Amino acid sequence: MADKIGVSVVGCGFFAQNHLNAWRDLAKDGVELIAVCDIDAAKAKAAAEKFKVPRWYTDLDVLLAKEKPGLIDIVTRVETHREQVLKTVAKGIPTIVQKPFGFDLGDCRAMTLAAKKAGVFLAVHENFRFQAPLRRITELLRQGVIGTPSWGRVSFRTDYDIYTGQPYLLNETRFVINDLGVHVCDLARAFLGEVEHVTCETQRRNPKAKGEDTATMMMKHVNGAVSMVECTYGAHRLPDIFPQTLIELEGPKGAIILYKNFDLEIMVGGKITKEHADAEVLHWAARPWHIIQESVLATNAHILNALRSGKPADVSAEDNFKTFACCEAAYKSAESGKAVALEPLQAKAKSAGKAKAKAKPKARAKVKSPKRPAKKAGKKSSKKAARSKK
Ligand code: NAD
Ligand code: 89Y
């Protein structure tokens, strides 16, 4: 049995249930859930009871004063990520934070920089690349089965009712790119390499949504590859295959296509090899979410292994900063109608991040909202609309 590690989960809402289940499954690898925290006492208490966690808190500062976790897992919503990560990193505690890493690239840079300066492990819970069929595609690409892909498509299209579980999404001024774009952009990077520039068009098909619910992105990768990267919560298709991501990759030796229902085809040398790449339905999981739920376990296990072996996670803060830069570029492209290069954006966020990391917490209020979604919503001022509140 591996050495014991005390894990604390912060935020005990909708998605944290998957994290808590996954950490409980990792007890066999030495994980001990030592404390949970939620500003809503009922949720913190319920999580502690359900997962047999000895202590629960309603204030992260109190948890940090009383506990000595070996790892903190932040599963609150985006508006709290920066403040919480800066606190846990300042205490020297290895930290995982849920996606989206930050509200904007400045947030992501501030957290990445703080962790780097303090020499503290920081990973982002970017789980889509750990989904069973997507892990299989990574493996095939590493084996060079189709050579280096020069074209790809990553697509997530649904109008499944996500709003019952995640009602806050309707109020996000940065909506689908921050929520799903982070996943599909991460997959484009993982499969086709770093991104040079992004072109994007956004749409708001659901009038009840404050921000964009549809994004169509085209990416030019540094190695010359091109990808179409799409996500929408406004596609009226049957069957609705939520929460599946479809993939097409073309390389010099062949193609890999992930169709609906996890049917994977590998086309090489004039032959098609078919595989069924569905995930196991874990004992606490249920379709159609099982594919995401199993990936939460795989993500947590990967990050834990990385921490233990003294290496950055594949989804480290540094890595996810590059994914988020694609999203920032997508918003800027949708605003300007032009292709947006990543490098200047990343450099700009670097210097802004340094300044903000030094600034006192109240400087956070100065973060500007994206102009386009706020204009479309046409109700709140851009400052008020910048971060959705509970
Ligand atoms: P939620 O609102 O259901 O849960 C958030 C919880 O955090 C709430 O219980 C709230 O009371 C608590 N909270 C708020 N501020 C807090 C604070 N300062 N200290 C402690 N607790 C606090 O939201 P959710 O749907 O669970 O989303 C949480 C995160 O998970 C988001 O970042 C979301 O994007 C992400 N998410 C990821 C996936 C995925 O597949 N990776 C899927 C769904 C949600
Ligand atoms: O919020 C989204 C995510 O990150 O993964 C699935 C989701 O919960 C709804 O599409």
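Numbers for residues simply follow the sequence, beginning at 1. Note that ligands are numbered from 1 as they come in the structure, with each ligand's atoms numbered from 1 the same way. Computed from a predicted model, the values in this text were never measured in an experiment.
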Do Arg82 and Phe103 meet the cation-pi criteria used here (NZ or CZ under 6.0 Å from the six-membered ring centre, within 45° of the axis)? no
Near Arg205 CZ, under 6.0 Å, is it more than 12 heavy atoms from other residues, nucleotides or ligands? yes
Location of contacts on Lys99 toward ligand 1, heavy atoms closer than 4.0 Å: both
Does Glu79 have a non-hydrogen atom less than 4.0 Å from ligand 1? no
Phe128, any N or O under 3.5 Å of ligand 1 N or O: no
Which option wins on minimum heavy-atom distance to atom 5 (O) of ligand 2: Phe15, Phe128, Trp289? Phe128
Quick one: does ligand 2 sit under 4.0 Å from the side chain of Ile162, the backbone, both or neither, non-hydrogen atoms only? side chain
For ligand 1, which atoms sit closer than 4.0 Å to a heavy atom of Ile292? 40 (O)
Which ligand 2 atoms, with their elements, are less than 4.0 angstrom from a heavy-atom of Ile292? 5 (O), 6 (C)
Step through the shown structure and confirm whether more than 12 heavy atoms of other residues, nucleotides or ligands are within 6.0 Å of CE on Met228. yes
For Lys99, the atoms of ligand 2 under 4.0 Å from one of its heavy atoms are 1 (O), 3 (C), 4 (O)
Shortest protein heavy-atom distance from atom 3 (C) of ligand 2, along with the residue and atom involved: His183 NE2, 3.5 Å
Using ring centroids (six-membered ring only for Trp), state whether Tyr160 and His236 fall under 6.0 Å. no
Heteroatom distance test (His125, ligand 1): nitrogen or oxygen, under 3.5 angstrom: no
Assess the pair Phe51 and Trp23: is the distance between their ring centroids shorter than 6.0 Å? no
Closest candidate by heavy atom, reference atom 31 (C) of ligand 1, pool Thr76, Val9, Leu60: Thr76
Counting only heavy atoms from other residues, nucleotides and ligands, does the tally under 6.0 Å from CD of Glu275 exceed 12? yes
Could you establish whether Ser295 and ligand 1 come within less than 4.0 Å of each other, counting only heavy atoms on the residue side? no
Rounded to the nearest 0.5 Å, what separates atom CG in Leu345 from atom OH in Tyr331? 14.0 Å
So Phe175 and Tyr233, would you call those rings parallel, tilted or perpendicular, with 30° and 60° as cut-offs? parallel
What atoms in ligand 1 come closer than 4.0 Å to a heavy atom of Asn127? 39 (C), 40 (O), 41 (N)
N or O pair under 3.5 Å between Trp289 and ligand 1: no
Measure the shortest side-chain to side-chain distance between Gln143 and Leu141 over non-hydrogen atoms and say whether it is less than 4.5 angstrom. no
Mind checking whether His183 has a heavy atom under 4.0 Å from ligand 1? yes
For atom 9 (C) of ligand 2, tell me which residue out of Phe14, Phe156, Tyr233 has the closest non-hydrogen atom. Tyr233
Candidates Ile39, Asp38, Leu180; heavy atom nearest atom 14 (C) of ligand 1 found on Ile39
Top protein contact for atom 2 (C) of ligand 2, by heavy-atom distance: Asp179 OD2, 3.3 Å
Can you give me the closest heavy-atom contact between Ala255 and Ile146, atom names plus distance? N-CG2, 3.5 Å
Please confirm whether Arg135 makes a cation-pi placement over Phe130, using NZ or CZ under 6.0 Å from the six-membered ring centre and within 45° of the ring normal. no
Subset of ligand 1 atoms that lie under 4.0 Å from at least one heavy atom of Lys43: 8 (C), 9 (O)
Only one of His19, Arg24, Gln17 forms a side-chain hydrogen bond (donor to acceptor under 3.5 Å, both in side chains) with Asn21, so which one is it? Arg24
At less than 4.0 angstrom from any non-hydrogen atom of His81, what atoms of ligand 1 do you find? 32 (O)
Could you tell me, atom by atom, which parts of ligand 1 come under 4.0 Å of a heavy atom of Gly13? 3 (O), 4 (O), 6 (C), 9 (O), 26 (O)
Per side-chain hydrogen bond (donor to acceptor under 3.5 Å, both in side chains), His183 is matched among Gln131, Glu126, Arg129 by Glu126
In this structure, does ligand 1 have an atom that sits under 4.0 Å from one of the heavy atoms of Gln84? yes
In ligand 2, which numbered atoms sit nearer than 4.0 Å to a non-hydrogen atom of Gln166? 1 (O), 7 (C), 8 (O), 9 (C)
Need the ligand 1 atom indices (1-based, order shown) with element for anything under 4.0 Å from a heavy-atom of Thr80. 15 (N)
Distance-only donor-acceptor pairs under 3.5 Å for side chains of residues 306-316, two or more places apart:
| unit_1 | atom_1 | unit_2 | atom_2 | d |
| --- | --- | --- | --- | --- |
| Arg308 | NH1 | Asp29 | O | 2.8 |
| Arg308 | NH2 | Asp3 | O | 2.6 |
| Arg308 | NH2 | Asp29 | O | 2.9 |
| Ser309 | OG | Asn305 | O | 2.8 |
| Ser309 | OG | Ala306 | O | 3.3 |
| Ser316 | OG | Asp319 | N | 3.1 |

Number the atoms of ligand 1 from 1 as they appear, then name those within less than 4.0 Å of a heavy atom of Pro100, with their elements. 32 (O), 34 (O)
Please compare Phe101, Tyr57, Phe15 and report which has the shortest non-hydrogen distance to atom 43 (C) of ligand 1. Phe15
I need the Ile257 CD1 to Ile137 CD1 distance, nearest 0.5 Å. 9.5 Å
